[in-house]
Amino acid sequence: MLRCMNLSKNGYGLVAPNPMVGAVIFHKETNKIIGEGYHKYYGGMHAEKEAIANVSDKSLLKDCTMFVNLEPCTHHGKTPPCTDLIIESNIRRIVVAALDPNPLVSGKGIKKLKAAGIKVEVGLLEKEARYLNRSFYIFHQEQRPYYILKWAQSLNGKMGKTEYEPRENKSVSGILSWKLSHKWRTENQAILVGVQTVITDNPSLNARLHPGNNPVILVLDPNLRTPERANIFATGSKVVIFNKTRDETIGNIFYKKISFDDNWTKHLSQSLFEMNIQSVLVEGGPITLNKFIEKGLWDEARIFQSDLFLDWDLEAPHIPGKLLRQERIGSDLYIQTYPNHEHSYFESK
């Protein structure tokens, strides 16, 4: 099963909104893996189909066990149901790590395989499998994206100068942290900032330091203050401007009207759910980050702390949470935390 999950990780940032899935076919008599595969890109061949296709002698399948980290699908999407192919291939045993949370699939795949006389076992490395696709689970179970808060701060807890002044051309974190941040951008469907970050820093918010897909750019801009010549419009990425008054689409720019009342996070999450965005990297300034923290709307935080003492006045957020990981990334200390409330996706970590 670990092999399944390691294979599935090759689809990071490429398969969303589908989950990352790997499949391995094990032949009992020879004690060998005779086929394996993973979901490579959205709309492409599913892991189970690729694993079966990679078996050179299909007559061996009747004596094989298929391992897969997520319940095989039963519905027609971009590709036909994997359960049908498994049944047709005469595989007699399948081991599944975790059930699919998608209501179109959940439990139905297992039921269909069992009805066909296939021996099905569920639960091997379930927590690890749920952690791997945690954004997929949050999306379907809570009908909202998985929110990752990310920022860099100095050793004395500063992020910069006041948001309404031009900042010095000085980075808090090092180049290795930058590159890792850009890798994260390719792994998440969207990146979110507040309008003041766009005005003050004029960032591009793309993944220029790491190969992969650029995220959808989300801007919280209640009063439509985003400059027309902002760098975010020059990247070719889809840009969504959440605001109070305007609903309009111009090329790859989407103006999306939502309410910015006390329940604004609910309205935002609902809009993102309708847009099928499952994961959001929140890189906004401290005002935006603190809004998510105050509402308790975050699933993990990723913080780079440099060894610099900076004479700046912009305080980094103070976030309550449990430590998941702490390690050195070049000259920076990388800290990963998750909320204090019960969070099953991190229990096994």
Side-chain angles (χ1 to χ4, degrees), residues 1-16 18-102 104-134 136-137 140 344-345 347-349:
M1 192 61 73
L2 284 174
R3 176 63 179 165
C4 291
M5 287 188 273
N6 286 335
L7 284 169
S8 74
K9 292 176 184 177
N10 291 313
Y12 249 130
L14 302 172
V15 301
N18 284 348
M20 293 177 288
V21 182
V24 171
I25 299 174
F26 178 77
H27 187 245
K28 183 178 179 180
E29 297 300 322
T30 59
N31 198 34
K32 290 182 179 179
I33 293 173
I34 64 170
E36 59 183 25
Y38 67 93
H39 190 29
K40 289 183 169 65
Y41 58 91
Y42 178 63
M45 190 182 297
H46 283 195
E48 300 93 326
K49 184 175 181 179
E50 184 177 75
I52 291 171
N54 286 333
V55 175
S56 56
D57 184 355
K58 302 295 192 293
S59 68
L60 297 176
L61 289 172
K62 67 182 185 301
D63 299 314
C64 288
T65 296
M66 173 181 280
F67 293 83
V68 61
N69 61 285
L70 193 70
E71 177 182 7
C73 64
T74 57
H75 66 295
H76 285 268
K78 292 284 185 178
T79 60
C82 291
T83 48
D84 291 353
L85 180 62
I86 293 169
I87 293 168
E88 292 167 7
S89 299
N90 204 29
I91 295 172
R92 307 314 303 158
R93 178 172 178 256
I94 182 167
V95 179
V96 178
L99 295 179
D100 192 322
N102 186 340
L104 293 175
V105 180
S106 189
K108 298 181 179 70
I110 302 301
K111 184 177 181 180
K112 188 171 185 177
L113 292 171
K114 286 182 176 180
I118 297 173
K119 183 179 180 181
V120 183
E121 300 172 23
V122 181
L124 180 62
L125 300 183
E126 180 181 4
K127 289 181 180 179
E128 290 83 352
R130 286 167 59 86
Y131 176 80
L132 173 69
N133 280 306
R134 55 199 183 278
F136 184 72
Y137 276 88
H140 285 289
S344 62
Y345 304 103
E347 286 177 358
S348 64
K349 310 309 288 182

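Predicted, not measured: the structure shown is a model, and the values here were computed from it. Quick note: numbers below take in every heavy atom, side chains included, and nothing from hydrogens, waters or symmetry partners.
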Arg134 to Tyr137 six-membered ring, cation-pi geometry met (6.0 Å, 45°):
no
Determine the minimum heavy-atom distance between [X] and [Y], stating which atoms define it.
X      : Y      : result
Asn102 : Phe136 : CB-CZ, 4.3 Å
Lys112 : Asp84  : NZ-OD1, 2.5 Å
Met45  : His39  : O-ND1, 3.2 Å
Cys82  : Pro72  : CB-CB, 4.2 Å
Ile25  : Cys64  : CG2-CB, 3.7 Å
Val122 : Leu99  : CG1-CD2, 4.2 Å

To the nearest 0.5 Å, tell me how far [X] [atom1] sits from [Y] [atom2].
X     : Y      : atom1 : atom2 : answer
Glu50 : Tyr38  : CD    : OH    : 7.0 Å
Leu61 : Ser89  : CG    : OG    : 5.5 Å
Leu14 : Tyr41  : CG    : OH    : 11.0 Å
Met5  : Leu125 : CE    : CG    : 4.5 Å
Leu70 : Asn133 : CG    : CG    : 6.0 Å
Ile86 : Leu113 : CD1   : CG    : 5.5 Å

Using the rule given for side-chain contact (heavy atoms from CB on, under 4.5 Å), can you reason through Ile52 versus Lys58, listing the C-alpha separation, both sets of side-chain angles and the distance that settles it, and then say yes or no?
CA-CA 8 Å; Ile52 291 171; Lys58 302 295 192 293; 4.2 Å; yes
Is the number of heavy atoms from other residues, nucleotides or ligands under 6.0 Å of Lys49 NZ greater than 12?
no
Between Ile91 and Ile118, does a side-chain contact (heavy atoms from CB on, under 4.5 Å) hold up when you go through it step by step?
CA-CA 7 Å; Ile91 295 172; Ile118 297 173; 5.6 Å; no
Looking at side-chain heavy atoms only, is the closest gap between Thr65 and Lys28 below 4.5 Å?
no
Any side-chain heavy atom of Asn31 sitting closer than 4.5 Å to one from Phe26?
yes
Expected output: side-chain [X] to main-chain [Y] donor-acceptor under 3.5 Å:
X     : Y      : result
Arg92 : Gly117 : yes
Glu71 : Asp100 : yes
Asn54 : Gly35  : no
Thr83 : Cys73  : yes
Asn69 : Ala97  : no
Asp63 : Leu60  : no
His27 : Ile33  : no

For His46 and Val21: C-alpha separation, side-chain torsions, deciding distance, then whether side-chain contact (heavy atoms from CB on, under 4.5 Å) applies.
CA-CA 8 Å; His46 283 195; Val21 182; over 6 Å; no
Worked verdict on Leu85 versus Glu48 for side-chain contact (heavy atoms from CB on, under 4.5 Å)
CA-CA 8 Å; Leu85 180 62; Glu48 300 93 326; 5.9 Å; no
